[in-house]
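What follows is a set of notes on a single structure, which appears directly below.
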Amino acid sequence: MKLCPSCPPVFILMLSILQSEVSSESRRPHVLFVVVDDLGWNDVGFRSHVIKTPTIDKLASEGIILDQYYVQEVCSPSRAAFMTGRYPLHNTVRNWLKTEHPVGLPLNETLMPQHFKNSGYATHAIGKWHLGFYTWEHTPTFRGFDSFYGFYSGGEDYNNHYVGEFLGYDMRNDSQPRCGGNCSQVAYEAQGHYSTHVFTNQAISVINSHDGDSPLFLYLAYQAVHTPAQVPSSYSDKYADSIPDHKRRIFAGMLSCVDEGLHNITTALEAKGMMDDLIVVFTTDNGGPISTIVGGDAIGSSNYPLKGGKHSSWEGGTRGTAFIWASENIMPDERRGSSFSGLMHGVDWLPTFCEAATLNCSAKYNLSTGAVIDGISQWNAMLDPSVGQKREEFLYGEHDGGNQKDSDYDLALRLGDWKLFQGWGGKPTFYSGINYTFPNGTLDPFGDSMAENLDTSNSKLLFNVIDDPLETTDLSADHKYVVEIMSMILDQYRGSAVDVVGGGTHPDPNCPPFQFQKDDEVGTVLAPVVLKLFDVPMIVMSVKFG
């Protein structure tokens with residue numbers, strides 16, 4: 001059919017171009033970014049074959065499983081890496097952010113939702129934030145999200161939503177952009193309701209109220225399967241006959257509840273017609289916690305057969321479970337049900353989304369403005385294996401698995417198949433569910449006793465993690481040149497570290513002491529201590545790009 005039979009050819013050409021541009025804009029896909037907290041390598045159904053996750057398994061089987069995908073060793077650094085596309089050394093969030101400290105992801109960082117928003121997306125965040133809240137400007141709706149429903153801190157009770165032992169209630173409904181003290185509402189209605197259900201229902205509400213003709217970016221950061229070990233018995237009872245271990249059984253129920261939530265969310269997307277133009281990313285934020293000593297947060301996760309877990313930079317703490325799913329008009333059929341073996345890190349999600357969704361990603365996040373972007377778009381490589389590997393190296397960063405003699409020295413780097421520790425990988429060091437016997441019949445020479453026996457300020461460990469994914473054999477003595485090259489790269493990274501007062505590692509001394517605020521209905525609530533940004537000067541202590 002002709003566009004306009006009576007129109008002159010030049011006008012028809014201009015109209016055709018205009019319609020093409022509008023069509024291109026409208027084809028921007030909806031994006032659902034799901035983060036499951038503390039999910040281990042061997043927890044989802046398609047790996048464990050014990051825990052039932054049919055929705056996760058189906059999406060993974062119809063998408064692309066990321067086999068060489070890495071995250072940070074604990075929660076806040078991974079979330080900051082997702083949001084900024086920058087390593088912890090550069091965005092300053094190098095460890096999990098403590099509730100009582102005036103720290104947060106620096107405000108000069110341009111975050112993922114801001115890029116989506118600049119490209120015409122509606123942006124909504126649900127669940128766990130854990131990137132700072134000591135001023136309102138650090139909270140999600142000041143960082144690019146149109147709304148936020150969830151908790152600011154790093155963990156809480158799943159049902160009453162108090163941080164710690166009834167220290168303060170932490171559940172917020174921030175219903176509009178820049179929703180500060182005169183807008184943010186304490187979400188009293190969530191009290192007594194299981195958080196996985198709360199967040200799932202909120203996601204469905206956002207989907208149902210969204211105009212499906214405009215693009216949606218939905219960041220869904222479940223509390224599960226983080227400690228405490230809590231789930232309605234109807235979920236854990238299903239495993240009474242198949243999982244004898246009580247801790248693992250409760251954990252399985254928690255993950256099954258997440259899977260049910262994703263089923264309900266995808267059903268809502270289908271009913272809205274949004275599954276036809278959608279990208280889904282599913283990722284953990286770190287390896288599963290497996291030690292009750294380090295972190296005290298092990299509640300049944302497994303990283304089998306990998307070494308270590310959350311808090312450590314061994315493979316079990318950093319090699320993450322993840323996949324990407326996309327609708328038929330986005331992902332080629334031949335890539336469905338496949339795996340992607342290219343090296344990938346959590347910092348890559350930002351540039352990958354920029355390419356996949358054709359976002360108007362500004363120059364604010366590249367080197368020309370002085371802000372290092374560490375991420376690399378993996379979009380074409382994931383969809384077309386002939387593109388080849390896009391990434392040759394990444395920085396594992398540091399661990400928080402124990403008291404080291406020189407913690408700044410404890411960094412790790414991946415270069416091709418090689419993994420180098422300057423120092424060691426931290427605790428925990430044992431293997432999930434297996435008793436590994438080393439070739440010489442001894443205990444793990446890189447085990448928990450290493451902290452007492454090793455001069456971590458001078459040690460270097462080298463593993464080929466493709467040939468030796470369990471990290472059993474140190475090859476540093478046999479490949480000294482590799483150690484030398486990788487050490488030089490690590491030193492360059494170390495020289496590029498950024499420190500900001502009030503950032504991730506440097507509490508602001510000008511802030512008043514943190515305290516929960518009184519509330520007539522729930523006793524006390526968690527809320528920002530500093531109400532205005534100018535009360536807290538942001539001072540860059542050192543910015544070095546090596």
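Between Tyr87 and Tyr493, the ring center distance clears the sub-6.0 Å criterion. Centroid-to-centroid, the aromatic rings of Phe340 and Tyr69 stay 6.0 Å apart or farther.
Using a 4.5 Å heavy-atom cutoff, the side chains of Phe82 and Thr283 are in contact. Here the side chains of Leu383 and Met331 are in contact, with some heavy-atom distance below 4.5 Å. A heavy-atom distance below 4.5 Å is not found between the side chains of Glu189 and Met171. Inter-residue side-chain proximity for Arg28 and Thr358 is flagged as met; some heavy-atom pair is nearer than 4.5 Å. The shortest distance between side-chain heavy atoms of Leu526 and Phe151 does not fall below 4.5 Å. Here the side chains of Ser291 and Lys427 are not in contact, with every heavy-atom distance at 4.5 Å or above. At least one side-chain heavy atom of Met254 sits less than 4.5 Å from a side-chain heavy atom of Ile299. The shortest distance between side-chain heavy atoms of Thr123 and Met112 does not fall below 4.5 Å.
Ser195 and Gln223 are linked by a side-chain donor-acceptor pair at a separation below 3.5 angstrom, with hydrogens and angles left out of the test. Side chains of Asp276 and Asn329: a donor-acceptor N/O pair is absent below 3.5 angstrom, by distance only. Residues Ser184 and Arg172 bring a donor and an acceptor atom of their side chains to less than 3.5 Å of each other. Side-chain atoms of His399 and Ser312 include no donor-acceptor pair closer than 3.5 Å. Side-chain contact, Asn264 with Thr200: no donor N or O sits under 3.5 Å from an acceptor N or O.
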Practice problem: Could you check Asp170 against Ser153 for side-chain hydrogen bond (donor to acceptor under 3.5 Å, both in side chains), going step by step and ending with a plain yes or no? | Solution: CA-CA 7 Å; Asp170 186 11; Ser153 63; 2.7 Å; yes
Quiz item: Should His138 and Leu107 be marked as a side-chain contact (heavy atoms from CB on, under 4.5 Å) after you check the CA-CA gap, both sets of side-chain angles, and the distance that decides it?
Solution: CA-CA 7 Å; His138 286 84; Leu107 299 178; 3.8 Å; yes
Quiz item: Passes side-chain contact (heavy atoms from CB on, under 4.5 Å), Asn303 versus Arg319? Steps please.
Solution: CA-CA 9 Å; Asn303 301 309; Arg319 190 173 174 187; over 6 Å; no
Exercise. Quick one: do Leu105 and Arg143 satisfy side-chain contact (heavy atoms from CB on, under 4.5 Å)? Show the steps, please.
Key: CA-CA 10 Å; Leu105 183 59; Arg143 311 305 302 265; 4.2 Å; yes
Self-check item: side-chain contact (heavy atoms from CB on, under 4.5 Å) assessment of Gln202 paired with Phe148
Solution: CA-CA 10 Å; Gln202 184 64 23; Phe148 170 73; over 6 Å; no
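Taking Phe142 as the reference, nothing meets the ring pair (Phe, Tyr, Trp, His ring centres under 6.0 Å) condition, with sequence neighbours excluded. With sequence neighbours excluded, the residues forming a salt bridge (charged side-chain N to carboxylate O under 4.0 Å, His left out) with Arg391 are Asp348, listed by chain and number. Under the rule for a side-chain contact (heavy atoms from CB on, under 4.5 Å), the partners of Glu270 that lie at least two apart in sequence or sit in another chain are Met275. Every salt bridge (charged side-chain N to carboxylate O under 4.0 Å, His left out) that Asp491 has, sequence neighbours left out, goes to Arg494. In this structure Glu156 satisfies the salt bridge (charged side-chain N to carboxylate O under 4.0 Å, His left out) test with no other residue, sequence neighbours excluded. Applying the salt bridge (charged side-chain N to carboxylate O under 4.0 Å, His left out) rule to Lys117 yields the partners Asp146; only residues at least two apart in sequence or on another chain are considered. Residues forming a ring pair (Phe, Tyr, Trp, His ring centres under 6.0 Å) with Phe323 (at least two apart in sequence, or on another chain): Phe282. Partners of Tyr169 according to the ring pair (Phe, Tyr, Trp, His ring centres under 6.0 Å) rule, which considers only residues two or more places apart in sequence or in another chain, are Tyr162. Partners of Phe394 by ring pair (Phe, Tyr, Trp, His ring centres under 6.0 Å), not counting sequence neighbours, listed by chain and number: Tyr70, His345, Tyr396. Residues meeting the side chain to side chain donor-acceptor pair (under 3.5 Å) test with Ser256, sequence neighbours left out: Tyr239. In this structure, the side chain to side chain donor-acceptor pair (under 3.5 Å) partners of Tyr235, at least two apart in sequence or on a different chain, are His197, Glu260.
Checking side-chain atoms of Trp129 against main-chain N and O of Gly132 turns up a donor-acceptor pair under 3.5 Å. In this structure, the side chain of Ser78 engages the main chain of Asp285 through a donor-acceptor pair within 3.5 Å. Between the side chain of His124 and the backbone N or O of Ile207 there is no donor-acceptor pair closer than 3.5 Å. Under the 3.5 Å distance criterion, the side-chain polar atoms of Gln191 are left unmatched by any main-chain donor or acceptor of Tyr188. The backbone N or O of Ala268 lies less than 3.5 Å from no partner atom in the side chain of Asn208, so there is not a single donor-acceptor pair. At least one donor-acceptor pair under 3.5 Å links the side chain of Ser119 to the backbone N or O of Asn360. Counting only distance, with no hydrogens or angles, the side chain of Ser76 and the backbone of Leu97 share a donor-acceptor pair below 3.5 Å. Listed for the Gln378 side chain is a donor-acceptor partner under 3.5 Å among the backbone atoms of Leu343. No donor-acceptor pair closer than 3.5 Å links the side chain of Thr92 to the backbone N or O of Val500. At distances below 3.5 Å, not a single donor-acceptor pair connects side-chain atoms of Glu392 with backbone N or O atoms of Lys390.
In plain terms, the two heavy atoms of Tyr149 and Ala190 that are nearest each other are OH-CB, 3.8 Å.
Distance CZ/Arg178 to CH2/Trp136: 13.0 Å, rounded to 0.5 Å. In this structure, CG on Leu218 lies 8.0 Å from CG on Leu269, to the nearest 0.5 angstrom. Put simply, CG on Leu490 and CG on Leu411 are 6.0 Å apart, with the number rounded to the nearest 0.5 Å. Atom CE of residue Met344 and atom CD of residue Gln68 lie 12.5 Å apart, to the nearest 0.5 angstrom. Within the model, atoms CG of Asp499 and CG of Leu89 stand 11.0 Å from one another, a figure rounded to the nearest 0.5 Å. Rounded to the nearest 0.5 Å, atoms CG (Leu350) and CD1 (Ile373) are 5.0 Å apart.
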Name every donor-acceptor pair, under 3.5 Å, that has one atom in a side chain of residues 31-41 and the other anywhere in the protein, sequence neighbours excluded.
residue, atom, partner, partner atom, Å
Asp37, OD2, Arg79, NH2, 3.3
Asp37, OD2, Lys128, NZ, 2.7
Asp38, OD1, Asn286, ND2, 2.9
Asp38, OD1, Lys310, NZ, 3.2
Asp38, OD2, Lys310, NZ, 3.1

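Taking the six-membered ring where tryptophan is involved, the planes of Tyr219 and Phe145 are essentially parallel, since the angle between them stays under 30° and well short of 60°. Between Tyr152 and Phe133, the ring planes lie parallel to each other; the angle is under 30°, not in the 30° to 60° tilted range.
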